[in-house]
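Report on the structure given below.
Keep in mind that this is a model prediction, so the values were computed, not measured.
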Amino acid sequence: MSSLDLKQHPHRRFNPLTKEWVLVSPHRTQRPWLGQLEQLSNAASPAYDSTCYMCPGNLRAAGIRNPNYGHTFVFDNDYPALLPDTPDGSLNHNGLVLARGEAGICRVVCFSPRHDLTVSRMSADELGRVVDVWSAQYRQLGTLPFIHYVQIFENRGAMMGASNPHPHCQIWANAHLPNEPAKEQIAQQEYRSAHNSCLLCDYLALEHELGQRIVCENQYFSALVPFWAVWPFETLLLPQEHRASIDEFTERERGGLADILKRVTTRYDHLFEVSFPYSMGFHQQPTDDQEHPEWHLHAHFYPPLLRSASVRKFMVGYEMLGSPQRDITPETAAAHLREMGEQH
């Protein structure tokens, strides 16, 4: 039997962080596309929008007026998915009908008073202030006795469900570990027990050795398309040194994070010459007062665009019922993103 060619043959790739598989079908990249075309707006946003509930000085829906902030601004979400005073009760019928109360806090972080900016268009200093806020919020929320996980995430663009274009992210602080970081915690714990080393430290060293999927780097961070990527232009951001949470970064490392965020999002915007939509979030150690030497902080970027500014990937059919599937290989995606840095 002939040897497996990852550039031509359908194959499965294993994600060691979640212990799940993704089907890769590189031979399908030439097929015609008759799927949905997205209507993307090219209209420029104003620097200030009087109808925006995140702009400085404006009244929010809950009747609270924003201050005239000059840099970043954090507020409790007016319509939170989690509430701090939720009772810790449960419902259990034979383990088949099971529910538990989930307390938590939801906050919004406005990156800038400017309504018309994106991460890619913010300066290094502006992004540095955002990283500082993330670190402070992680520490502040994580010290609350009922908060055991702090999830920082950004939905960029209407395609990814962002209800407001003002540059912002959300922080949901949970009483319990959510599904995705829970899977990653188990995988990292098992890898550490088996190898006496860090899963993501070892993986990053291997990616440096192979040199196929690195998109861009600075002294403190690497951005790469992971070998097991599901989304066409998915990227993984990793600190070069082992860090378990964002509050462990030095001032220089926080600056390095701001720099790599700008580099990645700029490449995204250049790829199809559009303000690129994505969901981005940090996975880091829980705030449960336990030691977590297995955790290596990282950020996932999940952008939906497939082959142009108007063609997106959908998770349907086999992907909902079987496993995720992609056509363009992670190696090809990484090469395209690297080129965006070279051409601009």
Side-chain angles (χ1 to χ4, degrees), residues 41 43-84 104-142 144 147 150-174 237 246-247 249 254-255 257-262 264-266 268-269 275-282 284 299-303:
S41 173
S45 296
Y48 167 78
D49 184 344
S50 61
T51 66
C52 170
Y53 62 85
M54 295 187 197
C55 279
N58 287 359
L59 192 68
R60 303 205 304 274
I64 302 171
R65 189 170 296 279
N66 296 330
N68 288 309
Y69 62 97
H71 299 295
T72 58
F73 171 51
V74 181
F75 63 91
D76 287 336
N77 198 314
D78 296 323
Y79 298 98
L82 296 163
L83 298 170
I105 296 172
C106 296
R107 289 179 176 168
V108 176
V109 180
C110 295
F111 296 164
S112 168
R114 287 275 301 272
H115 184 79
D116 58 339
L117 292 183
T118 62
V119 170
S120 64
R121 296 177 56 227
M122 293 174 66
S123 70
D125 287 344
E126 289 171 329
L127 287 174
R129 293 190 185 98
V130 173
V131 174
D132 290 344
V133 168
W134 287 339
S135 178
Q137 287 293 310
Y138 172 84
R139 188 181 302 110
Q140 180 189 107
L141 290 166
L144 297 175
I147 295 299
V150 178
Q151 179 63 66
I152 301 167
F153 66 98
E154 178 195 7
N155 292 325
R156 177 64 201 167
M159 193 183 293
M160 295 308 287
S163 59
N164 191 317
H166 195 106
H168 73 284
C169 77
Q170 298 184 58
I171 302 177
W172 291 15
N174 289 69
L237 271 59
I246 197 167
D247 63 332
F249 290 147
R254 292 197 298 272
L257 177 55
D259 173 71
I260 205 74
L261 288 168
K262 184 174 178 65
V264 169
T265 54
T266 299
Y268 278 151
D269 286 358
S275 184
F276 215 77
Y278 57 77
S279 282
M280 180 277 288
F282 291 91
Q284 53 194 322
H300 296 280
F301 272 88
Y302 298 135

Inset, instruction - Looking only at non-hydrogen atoms, find the nearest pair between P46 and H115 and report the distance. - result: O-CB, 3.3 Å

Legend entry - Closest non-hydrogen atom pair, H168 against C110: CB-CA, 4.1 Å

Inset, instruction - Specify the closest pair of heavy atoms between A258 and G128, including all atoms of both residues, with the distance to one decimal. - result: CB-N, 3.7 Å

Inset, instruction - For I105 and P84, work out which heavy atoms get closest and say how close. - result: CG1-CB, 4.2 Å

Legend entry - Minimum-distance pair of heavy atoms, taken over all atoms of R107 and V74: CD-CG1, 4.1 Å

Legend entry - Main-chain N/O of I246 paired with Q284 side-chain donor or acceptor, under 3.5 Å: yes

Legend entry - Backbone N/O of M122 and side chain of K262: donor-acceptor pair under 3.5 Å: yes

Inset, instruction - Supply the atom-to-atom distance C169 SG to F153 CZ, rounded to the nearest 0.5 angstrom. - result: 8.0 Å

Legend entry - Atom pair CZ/OG of R121 and S275 - distance to nearest 0.5 Å: 8.0 Å

Inset, instruction - For residues I171 and Q151, determine if any side-chain heavy atom of one lies less than 4.5 Å from a side-chain heavy atom of the other. - result: no

Inset, instruction - Measure from the side-chain N and O atoms of R156 to the backbone N and O of P165, and report whether any donor-acceptor pair falls under 3.5 Å. - result: yes

Legend entry - Side chains of N66 and R60, donor plus acceptor under 3.5 Å: yes

Legend entry - Non-hydrogen side-chain atoms of L82 and P80 separated by less than 4.5 Å: no

Legend entry - Reported CG-to-CD1 distance for the pair D76 and I64, which is rounded to 0.5 angstrom: 8.5 Å

Inset, instruction - Answer yes or no: is there a side-chain heavy-atom contact under 4.5 Å between E154 and V119? - result: yes

Inset, instruction - Examine distances only and state if a side-chain atom of N77 and a backbone atom of C106 form a donor-acceptor pair shorter than 3.5 Å. - result: no

Inset, instruction - Taking atom types as modelled, find out whether D116 and Y48 have a side-chain donor-acceptor pair closer than 3.5 angstrom. - result: no

Inset, instruction - For the pair N58 and Y53, evaluate side chain to side chain contact (heavy atoms under 4.5 Å, CB included) and give the outcome as yes or no after the intermediate values. - result: CA-CA 6 Å; N58 287 359; Y53 62 85; 5.9 Å; no

Legend entry - R114 side chain to A47 backbone, donor-acceptor under 3.5 Å: no

Legend entry - Side chains of W172 and L141 in contact at under 4.5 Å (non-hydrogen atoms): no

Inset, instruction - Give, for atom OG of S45 and atom NE2 of H166, the distance between the pair rounded to the nearest 0.5 Å. - result: 10.5 Å

Legend entry - Between CE on residue M280 and CG on residue L237, distance to nearest 0.5 Å: 8.0 Å

Inset, instruction - Hey, can you tell me if F276 and Y268 have their rings parallel, tilted or perpendicular (30° and 60° cut-offs)? - result: parallel

Legend entry - Check: S135/D247 side-chain N/O donor and acceptor closer than 3.5 Å: no

Inset, instruction - Looking only at non-hydrogen atoms, find the nearest pair between C55 and D49 and report the distance. - result: SG-N, 3.6 Å

Legend entry - Heavy-atom side-chain proximity of F111 to V133 below 4.5 angstrom: no

Legend entry - F249 vs L257 side-chain heavy atoms within contact, under 4.5 Å: yes

Legend entry - Criterion side chain to side chain contact (heavy atoms under 4.5 Å, CB included) on N164 and M54, from CA distance to verdict: CA-CA 8 Å; N164 191 317; M54 295 187 197; 4.1 Å; yes

Legend entry - P67 side chain reached by F73 side chain, heavy atoms, under 4.5 Å: yes

Inset, instruction - For residues E126 and L117, determine if any side-chain heavy atom of one lies less than 4.5 Å from a side-chain heavy atom of the other. - result: yes

Legend entry - Gap between atom CH2 of W134 and atom CZ of F282 - 0.5 Å precision: 4.5 Å

